[in-house]
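Below you'll find the structure, written out as structure tokens, and then a few comments.
Throughout, a chain's letter reflects where its sequence line sits, starting with A, and its residues are numbered from 1.
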There are 2 protein chains.
Amino acid sequence: MTGSRVEQKERTRRAILDAALTLSQESALVALSLRQVAKEVGIVPTAFYRHFPSIDDLGLALVEESLDSLRSLLRELRQTAGSDFASIIDGSVDVLVHQVRTHHAHYLFIARERFAGPAPVREAINAGIGTAERELAIDLAHLPGTDQWSEKDLHVLSSLIVDSMVSTAERLITAGPGSPAEQRIAAAARTQLRMMVIGAMQWRSSD
Amino acid sequence: MTGSRVEQKERTRRAILDAALTLSQESALVALSLRQVAKEVGIVPTAFYRHFPSIDDLGLALVEESLDSLRSLLRELRQTAGSDFASIIDGSVDVLVHQVRTHHAHYLFIARERFAGPAPVREAINAGIGTAERELAIDLAHLPGTDQWSEKDLHVLSSLIVDSMVSTAERLITAGPGSPAEQRIAAAARTQLRMMVIGAMQWRSSD
DNA sequence: AGTTTCGGTGTACGACCGTACACCCAAATC
DNA sequence: GATTTGGGTGTACGGTCGTACACCGAAACT
């Protein structure tokens, strides 16, 4: 085993996080025991405390990690340029599908713990989604046609879009990466986004 | 204690279901122990088996009960008539808010267990939501303006609306019944539904 | 009236849980 | 080279878990 002491510690910490993420995929965070994680990692139960004060703190670290995936998704979405709405939508859905595929465990974790997790975990996740809605609202304000929208309406549209994306992500998770349903779900998400954009563009004029 | 033996048994069964629903509101179904439930009901742990073969079967019974609430919501929504779209939307959101208020525990249970519950529970819940989408699609087909929509597009719109309602319900749950946020969430839901309807009405003509 | 049925009781077992405590030993520090 | 540091070990404790088993007593049945 190579490496200095701090490298070794970091490696064990990572192993604990990975084991916890793997184990929490079947079942849930509340049903995760310190001893299960320790056994999976290959250390004795008490050694766990060298890295985390409690299982709850492990859970919180897992949320941070999963929210990192979410934030990278948002970053990638913002960079998804396109000449028209249609290509922006297509690109965004592609990004979503790809991200859910490559960070499947993280998004499954978020979906699971958003409502079922411990209170601090739930709050952290909902704060992350709230941030996504607020950032999207800012982006929407820079789009043509939303010049004289109220801030409230901007946020309502933003949360509508984010909700739809979250639902799509959840569907993608339960469908499983690479499944035949994946393409169907992606196609439906594109259509839904188009409908929403059309509705939004007509909004002020018919209000 | 009045009542025949079958009445008494039914009363205890109800007490078990109520206790389980109450206990599962903090934490989750997987973190629910037979002994906790028995203690809450006031019976000895082994007496539990006189009513359910296992905790999982209790969970399944709880899902059925919660899905009954969901079905009653759908029934009520279908009866929400109105002369125009605006009044149908307003009435529907009122029904949703009222249902989530009066059956708070059931909808919290559904939100929690939809992704975090045991596999049979998850499947039952998603089947219930799928049914809602299909029924809404049928209703949408009877509305003016959707004459020449494809079946697929009908279902895409239907799932968009249902997703939005589910998200609204989840928001209402976490906001808590009677909270100041409730009115804000309801108002946002109305706006979202209006945007979706506008988008849908323009759909074919711009496709 | 005698018998059966059955919801609820009480005890008991082994498995797993979190965690306190004393200990070991190699890397890091001096 | 002597000392300190700290990740990992092994044992041990009290608590909770699901569940098997024998038993009780009143309602239900014959």
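Of the N and O atoms on the side chains of A:Q8 and A:R5, not one donor lies less than 3.5 Å from an acceptor on the other residue. Between A:D84 and A:S87, the side chains place a donor N or O and an acceptor N or O closer than 3.5 Å (distance only, hydrogens not considered).
Between the C1' atom of C:dG18 and the CG atom of A:L58 lies a distance of 14 Å, rounded to the nearest Å. Taking atom OH of residue B:Y49 and atom C1' of nucleotide C:dG10, one finds them 15 Å apart after rounding to whole Å. The nearest whole Å value for the distance from the CD atom in A:E7 to the C1' atom in C:dA28 is 14 Å. Protein atom CD of A:E10 is 12 Å distant from nucleotide atom P of D:dG8, rounded to whole Å. If you take CZ of B:R50 and C1' of D:dT19, they are 13 Å apart, rounded to a whole angstrom. B:K9 places its NZ atom 8 Å from the P atom of C:dC6, with the value rounded to the nearest Å. Here C:dG7 presents its P atom at 7 Å from CZ of B:R5, a figure rounded to the nearest Å. B:F48 has its CZ atom 9 Å from the P atom of D:dG18, to the nearest Å.
Test A:E76, A:E64, A:E135 against A:R71 for salt bridge (Lys or Arg N to Asp or Glu O under 4.0 Å) and you get one pass: A:E64.
Using a 4.0 Å cut-off, some side-chain N or O of A:T12 falls inside it from OP1 or OP2 of D:dG8.
Heavy-atom distances under 4.0 Å link DNA chain D to B:Q36 of residues 36-43 of chain B, given in residue order. Contacts between residues 13-35 of chain B and DNA chain D, counted as heavy-atom distances below 4.0 Å, involve B:S33, B:L34, B:R35.
Both B:H51 and A:I55 lie close to DNA chain C; mapped to their nearest nucleotides by heavy-atom distance, the more 5′-ward contact belongs to B:H51.
Residue B:S54 is classed as having no contact, given no heavy-atom separation below 4.0 Å to the nucleic acid.
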